[in-house]
Q: 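I have a structure here, written as structure tokens, and I will follow up with some questions on it.
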Amino acid sequence: MNIVTWNVNSLTARWDRVSNFLSTRDVDILLIQETKQNDAKFPTAGFAELGYETYHVGQGQWNGVAIASRVSLERVSGSLGLPDEEARYVAARCGGITVISVYVPNGRSLDNPHYAYKLDWLEHLARDAATRVADDVVIAGDFNVAPTDLDVYDPADFVDATHASDAERRAVSALADLGYVDAQRQVDATSPAFTWWDYRQGAYRRNRGLRIDLLWCSPSLAPRIDAVWVDREEREEEKPSDHAPVALRLN
DNA sequence: ATGTCAAATGGTATTTGA
């Protein structure tokens with residue numbers, strides 16, 4: 001079973017890339033973030049032609065998350081239950097696994113109200129994760145948090161910045177405290193494995209990246225983790241997303 | 001602030017968000 005998470009940075013702008021990706025890789029379930037579409041614009045038929053059932057929680061101009069599965073799909077939830085909730089959470093049962101696609105708020109800066117919202121959002125995610133921990137679950141997506149300094153190209157650049165603050169890291173490690181496993185780190189505890197590079201300043205060429213796209217497996221799935229890899233070939237194509245797809249293979 | 005990109009707007013450049 002191959003499960004891939006990918007922040008596509010607009011599915012409208014990236015449809016050709018996504019379509020090509022699904023045609024050339026071996027993807028059972030694709031967890032998508034930042035579709036930047038409303039539900040009416042989501043290419044349900046295009047996914048169906050490729051053999052995928054879909055569940056999209058769209059908003060329009062910003063955010064938007066989706067799940068595409070070729071191993072069955074039953075809708076579970078499109079909300080964490082926050083007030084005035086943005087389109088950042090979608091859960092479905094696919095091939096015997098509950099998969100959850102998340103787009104964690106960016107936070108903008110440590111003194112910005114969006115930062116407090118980010119921490120609150122992560123707390124709600126942990127509560128949701130707690131209710132599902134006994135099941136076979138993969139929670140994956142753009143966490144907008146680099147879990148440790150190993151996941152940051154230059155930690156000195158992230159002092160007093162979002163994505164690497166102690167509070168954000170604690171909020172994400174709540175998943176580990178529940179027993180969820182960061183799949184990449186179970187497979188390889190010492191390589192950076194960046195998943196995102198800024199479009200600006202030649203960041204990709206200079207490998208100035210962050211590991212912020214994470215796949216968390218519930219305890220029952222941890223022994224089935226066979227491989228995790230960052231699809232850097234896709235990041236090197238024409239008109240890429242600023243995020244690379246990250247793939248998880250379960251036995 | 002950024003050697004960038006994408007969406008929206010009454011637009012043919014600017015603003016916002018990342």
Side-chain angles (χ1 to χ4, degrees), chain A residues 5-21 30-43 46 56-66 82 84-90 101-122 125 140-147 151-165 167-169 171-172 194-214 230-246:
Chain A
T5 182
W6 190 9
N7 179 326
V8 298
N9 185 18
S10 171
L11 189 54
T12 310
R14 216 69 60 208
W15 170 247
D16 288 349
R17 291 244 54 87
V18 172
S19 172
N20 176 76
F21 182 81
L30 180 62
L31 307 181
I32 306 169
Q33 300 88 40
E34 281 208 270
T35 62
K36 296 185 178 179
Q37 292 173 327
N38 57 33
D39 291 336
K41 203 167 178 189
F42 184 79
H56 179 229
V57 175
Q59 182 178 322
Q61 179 179 4
W62 307 119
N63 311 313
V65 286
L82 288 102
D84 300 320
E85 188 164 347
E86 298 176 329
R88 299 178 176 275
Y89 173 99
V90 61
S101 176
V102 300
Y103 177 44
V104 177
N106 175 287
R108 300 187 187 177
S109 61
L110 299 189
D111 57 357
N112 192 294
H114 288 85
Y115 179 75
Y117 177 66
K118 180 180 195 174
L119 296 179
D120 186 45
W121 198 95
L122 283 167
L125 180 66
D142 178 0
F143 276 75
N144 271 316
V145 177
D151 304 309
V152 180
Y153 64 87
D154 183 357
D157 277 8
F158 283 83
V159 175
D160 295 327
T162 59
H163 293 62
S165 72
E168 288 164 89
R169 286 175 169 171
V172 171
F194 299 146
T195 65
W196 171 86
W197 300 261
D198 200 307
Y199 284 122
R200 295 170 288 189
Q201 298 176 291
Y204 184 79
R205 177 177 50 77
R206 298 156 69 201
N207 198 28
R208 290 168 67 87
L210 301 176
R211 189 176 75 92
I212 54 176
D213 297 273
L214 312 176
V230 180
D231 198 321
R232 292 183 67 140
E233 285 182 23
E234 171 56 39
R235 183 62 177 77
E236 290 165 13
E237 293 282 357
E238 289 295 313
K239 301 290 281 181
S241 169
D242 46 354
H243 296 254
V246 187

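Residue numbers start from 1 in every chain, and the chains themselves are labelled A, B, ... in the order their sequence lines are given, proteins ahead of strands.
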Q: Excluding sequence neighbours, so at least two apart, what forms ring-ring contact (aromatic ring centres under 6.0 Å, His included) with A/Phe158?
A: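 Counting only residues at least two positions away or on another chain, A/Phe158 forms a ring-ring contact (aromatic ring centres under 6.0 Å, His included) with A/Tyr153.
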Q: Rounded to whole Å, please give me the gap between CD in A/Glu34 and P in B/dA18.
A: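 In whole Å, B/dA18 P lies 8 Å from A/Glu34 CD.
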Q: Rounded to whole Å, please give me the gap between CG in A/Asp198 and C1' in B/dA1.
A: 12 Å
Q: Whole-Å distance between B/dG17 C1' and A/Asp242 CG?
A: 12 Å
Q: Between B/dT16 and B/dG10, how far apart are the P atoms? Round to whole Å, please.
A: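 13 Å, rounded to whole Å.
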Q: Could you pick out which residue, A/Arg200 or A/Tyr103, lies toward the 5' side of DNA chain B when each is mapped onto its nearest nucleotide?
A: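 The residue closer to the strand's 5' end, by nearest nucleotide, is A/Arg200.
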Q: A/Asp160: what forms a salt bridge (charged side-chain N to carboxylate O under 4.0 Å, His left out) with it, not counting sequence neighbours?
A: none
Q: Quick one: A/Asn7 CG to B/dA18 P, roughly how many Å, whole number?
A: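 The answer, rounded to whole Å, is 11 Å.
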Q: Relative to each other, are the rings of A/Tyr204 and A/Trp197 parallel, tilted or perpendicular (30° and 60° limits)?
A: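 Judged by the thresholds at 30° and 60°, the geometry between A/Tyr204 and A/Trp197 is perpendicular.
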Q: Describe the nucleic acid contact of A/Tyr204 in one word from base, sugar-phosphate, nothing, applying a heavy-atom distance below 4.0 Å.
A: nothing
Q: Distance between the P atoms of B/dA1 and B/dA13, in whole angstroms?
A: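 Those two atoms are separated by 26 Å.
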Q: Does A/Gly202 or A/Asn106 map to a spot on DNA chain B nearer the 5' end, using the closest nucleotide for each?
A: A/Gly202
Q: Report the distance from atom CD of A/Gln59 to atom C1' of B/dG17, rounded to the nearest whole Å.
A: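 Spelled out: CD on A/Gln59 to C1' on B/dG17 is 12 Å.
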Q: Quick one: list whatever passes side chain to side chain contact (heavy atoms under 4.5 Å, CB included) with A/Asp111, sequence neighbours left out.
A: A/Ser109
Q: In Å and rounded to the nearest 0.5 Å, what is the CD1 to NE2 distance from A/Ile212 to A/His243?
A: 4.5 Å
Q: Calculate the interatomic distance between A/Trp196 atom CH2 and B/dC5 atom C1'; express it in whole Å.
A: 12 Å
Q: Got a sec, which residues hit ring-ring contact (aromatic ring centres under 6.0 Å, His included) with A/Trp15, two or more places apart in sequence or on another chain?
A: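 Listed in chain order: A/Phe47.
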Q: Between atom CZ in A/Arg235 and atom C1' in B/dC5, what is the gap in whole Å?
A: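 Taking CZ of A/Arg235 and C1' of B/dC5, I get 11 Å after rounding.
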Q: Roughly, in whole Å, what's the span from CZ in A/Arg206 to P in B/dT2?
A: 15 Å
Q: N/O contacts under 3.5 Å, protein versus nucleotides 6-16 of chain B?
A:
from: B/dA6; atom 1: OP1; to: A/Arg14; atom 2: NH1; distance (Å): 2.9
from: B/dA6; atom 1: OP1; to: A/Arg14; atom 2: NH2; distance (Å): 3.1
from: B/dA6; atom 1: OP2; to: A/Lys239; atom 2: NZ; distance (Å): 2.9
from: B/dA6; atom 1: O3'; to: A/Ser10; atom 2: OG; distance (Å): 3.3
from: B/dA7; atom 1: OP1; to: A/Ser10; atom 2: OG; distance (Å): 2.4

Q: Please identify each residue that fulfils side chain to side chain contact (heavy atoms under 4.5 Å, CB included) with A/Glu34, with sequence neighbours left out.
A: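 Side chain to side chain contact (heavy atoms under 4.5 Å, CB included) list for A/Glu34, sorted by chain: A/Asn7, A/Lys36, A/Tyr103.
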Q: How far, in whole Å, is B/dG3 from B/dA7 if one measures between their P atoms?
A: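 Those two atoms are separated by 23 Å.
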Q: If the C1' atom of B/dA6 is compared with that of B/dG11, how far apart are they to the nearest Å?
A: 15 Å
